[in-house]
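Reminder, nothing fancy here: chain letters follow the sequence lines and each chain counts from 1. Everything numeric here is computed off the predicted structure, so don't read it as measured data.
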Number of protein chains: 2
Amino acid sequence: MTQKLKDEAILAPANGVTLIDVAKVAGVSPITVSRALHKPEVVSEQTRQKVQQAVEQVGYIPNMLAGGLASRQTKLVAILVPTISHSIFADLLKAAMDGLSEAGYQSLLGITDYSVDKEEQLLGTILGRRPDAIVLTGTEHTTLTRKRLGASGVPVVEAWDWTDDPIDMLVGFSHEAVGTAMAQHLYEKGYRRFAGLFVSDNRAMRRCHAFYEALSVLGIEADDAVVMSPPASLKEGREGMRELLARDTRPEVVVCSSDTLAQGVLAEAAEQGLQVPSDIAVMGFGDMANASQLHPALSTVRLDSARVGALIADALLKRFEDQRSCVRLDMGFELIDRQST
Amino acid sequence: MTQKLKDEAILAPANGVTLIDVAKVAGVSPITVSRALHKPEVVSEQTRQKVQQAVEQVGYIPNMLAGGLASRQTKLVAILVPTISHSIFADLLKAAMDGLSEAGYQSLLGITDYSVDKEEQLLGTILGRRPDAIVLTGTEHTTLTRKRLGASGVPVVEAWDWTDDPIDMLVGFSHEAVGTAMAQHLYEKGYRRFAGLFVSDNRAMRRCHAFYEALSVLGIEADDAVVMSPPASLKEGREGMRELLARDTRPEVVVCSSDTLAQGVLAEAAEQGLQVPSDIAVMGFGDMANASQLHPALSTVRLDSARVGALIADALLKRFEDQRSCVRLDMGFELIDRQST
DNA sequence: CTGTTAGCGCGTTCAG
DNA sequence: CTGAACGCGCTAACAG
């Protein structure tokens, strides 16, 4: 009889089994079941065990829609990234999800394709799920996005960029500072003829402009950067490099908006018989764990994107604990010179 | 007055604004608002417009928790992948999400780290959101996973593998067939001394065993494969290659469980002054869009993972339209020979 | 420590 | 074409 009940019950986990069924089996009231599950410390150990047993017996799976509706707590975090095809954002996403899932939060993923309009559109439906928090990549958003976010009162983390006027929380670094640092670094190493190869997304372009601005402050004139449209794959890197090499004067160093692009540049350089970095140096931007394995003779701006993800999770969990907490963290970046190590 | 109302209202999208508020402003009943939003064809054009206007005026965002609870339709699809750091799964995920989001579905992402136990654990909480469908990578799952899935009645797609006994729908290919095909292909090209470099995840190991099995059928003895533990990054590729080259006899061709590994092998070969494919040939597995840009002299098993993702979305949408639809699709794979093109 | 009451915001069903 | 009543499954607030 018990066995029979069990067999029947286990066949309906996400189906009909509700709190009430568990309550009946355990011989307590529904609310006690709820408490045994979510606030074990407020229930006697004995009833907690009875409930736990009943839960397993009937194969109960809490309905988080109902729970969220009643408690206004969804245990859901929405994360919007421009792409998951770059290791930088894949690592960031993974780390953020890991941090959040340890605390029992699940992740609703949105991919914006580097478009603020798509971000706005995604946000519209996402807000309908009443997430406990939203993570945005970048600090550029449509006014409607800002309005909705502000009005909803949802905790927000803007990541991977810097601004003096964030929506709420902020974990990132200044792309202008990156561009400037790249120029100074290479200048100090003695390079004078520069070329730029950038993809036309917002942040890359800001690094690009800061780079050229810094060059001009240093008294250096450089040809305009080659600007490709996303995505930044090896193919674009090769094409861009061909374009650069077809110019009148050959640069001493090629500065790229991403590591992937830089890898393409390396591939094209190899094919054209150019030695790196003696004939031509290359500088990238990203998480060089991979690229440095391929080609040690490469400078780069190194970002620990997994750390950014972890910090995002931390910022949110802190906020969940203390409503007033508001992390704003400039985590900076690191210039690495593979040639000197 | 109207303006004032508007200003107030627009400040509370995800906050207090409910269907009832919209109804009041539009001068209709709540249910009419609901219909105007979800079944426009069943409402007069005039009231539809009134409602639409009211919605915008008060900044209403439908509460999908409440909606899902009442309608038993969440417009949510859970997607579980082993990792998002391999382009194969990133592309698959992206394509699946794109297909689904066009139809108004959002994606809850779960990363299993190649572990069926983690999959089981993720599934537990995911089912609590009552997703309209679940996408799983692979056909290997714990018995509890199977039990819960079967009981919940949620549409399931198993992807990226093949079995004669799927849980529900299936979009993938046989990894045994891949392993066998690799062996035959290379044999026909005249290679006789083989080496294997595999990562120890379930599917890679099955390709590995099928590969060695096929070799032995062809009457060829080969040394055991080098097996690395995940993740399969360039580093593992280089290390594995070093291990292979340290053996007594040098293989003519190295078969890898992934393109990333193969890239590492290429890098190590280059460093040791070996020409590919004349000194040593390399075969990979994955989406070669990138690797082929780096090194054209490489054979591979080519999978169009974006297409798999799109097919997953199609299979689900078809099921949503017609409950009886049950797609089971062996999409096969392609052996590509970069050397011959 | 446990139970009762009363919604959370919406969609389904049935009437009009 | 529109409305009223009811319930989805759960938890907050209070009582005991």
Colleague: Atom CD1 of A:Ile20 and atom P of C:dG3: how far apart are they, to the nearest Å?
Modeller: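 To the nearest whole Å, that distance equals 14 Å.
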
Colleague: Heavy atoms from C-beta onward define the side chain here; which of C:dC1, D:dG9, D:dT2 lies closest to that of B:Val43?
Modeller: D:dT2

Colleague: ring-ring contact (aromatic ring centres under 6.0 Å, His included): which pairs involve residues 96-151 of chain B, sequence neighbours left out?
Modeller: B:Tyr105-B:Phe320

Colleague: Once you round it to whole Å, what is the distance between P of D:dC1 and NZ of B:Lys50?
Modeller: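 Going from B:Lys50 (NZ) to D:dC1 (P), I get 14 Å.
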
Colleague: Has A:Thr32 got a side-chain N or O lying under 4.0 Å from the OP1 or OP2 atom of C:dG3?
Modeller: yes

Colleague: Determine, for B:Asp113 against A:Lys94, whether the closest basic-nitrogen to carboxylate-oxygen distance falls under 4.0 angstrom.
Modeller: yes

Colleague: When you match B:Val42 and A:Pro30 each to their closest nucleotide on DNA chain D, which lands nearer the 5' end?
Modeller: B:Val42

Colleague: Could you encode protein contacts along nucleotides 11-16 of chain C as a string, one character per nucleotide from 5' to 3', using B for base contact, S for sugar-phosphate-only contact and - for no contact, with a heavy-atom cut-off of under 4.0 Å?
Modeller: SB----

Colleague: How many whole angstroms separate atom CG of B:Asn63 from atom P of C:dG9?
Modeller: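 Checked: the CG to P distance equals 7 Å.
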
Colleague: With heavy-atom distances below 4.5 Å as the criterion, would you say the side chains of A:Val327 and A:Leu311 are in contact?
Modeller: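 Side-chain contact under 4.5 Å: no.
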
Colleague: Looking at B:Arg72, I'd like to know whether one of its side-chain N or O atoms comes within less than 4.0 Å of OP1 or OP2 on D:dG9.
Modeller: yes

Colleague: Between atom CG in B:Leu65 and atom C1' in D:dC8, what is the gap in whole Å?
Modeller: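 Checked: the CG to C1' distance equals 12 Å.
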
Colleague: Quick one: pull up CG in A:Leu93 and OG in A:Ser107 and give me the separation to the nearest 0.5 Å.
Modeller: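 These two atoms lie 7.0 Å from each other.
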
Colleague: We want to know whether A:Thr112 and A:Ser115 form a side-chain donor-acceptor pair, criterion being a heavy-atom distance below 3.5 angstrom.
Modeller: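 No - no donor-acceptor pair under 3.5 Å links their side chains.
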
Colleague: Give the rounded distance in Å between these two atoms: CD of B:Glu41 and P of D:dC1.
Modeller: 10 Å

Colleague: Given C:dC1, is OP1 or OP2 found less than 4.0 Å from the side-chain N or O atoms of A:Thr47?
Modeller: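 Answer no for this pair, as no side-chain N or O of A:Thr47 is under 4.0 Å from OP1 or OP2.
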
Colleague: Just wondering, do A:Lys75 and B:Thr125 contact through their side chains at under 4.5 Å, heavy atoms?
Modeller: no

Colleague: Roughly, in whole Å, what's the span from CZ in A:Arg129 to P in C:dC10?
Modeller: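 A:Arg129 atom CZ is separated from C:dC10 atom P by 14 Å.
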
Colleague: Tell me: CD of B:Glu45 to P of D:dT2, nearest whole Å?
Modeller: 11 Å

Colleague: Below 4.0 angstrom, N of the basic side chain to O of the carboxylate: do B:Asp314 and B:Lys318 qualify?
Modeller: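 So B:Asp314 does not pair with B:Lys318 through a salt bridge.
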
Colleague: Starting from C1' on C:dG9, measure out to CG on B:Leu37 and report it in whole angstrom.
Modeller: 13 Å

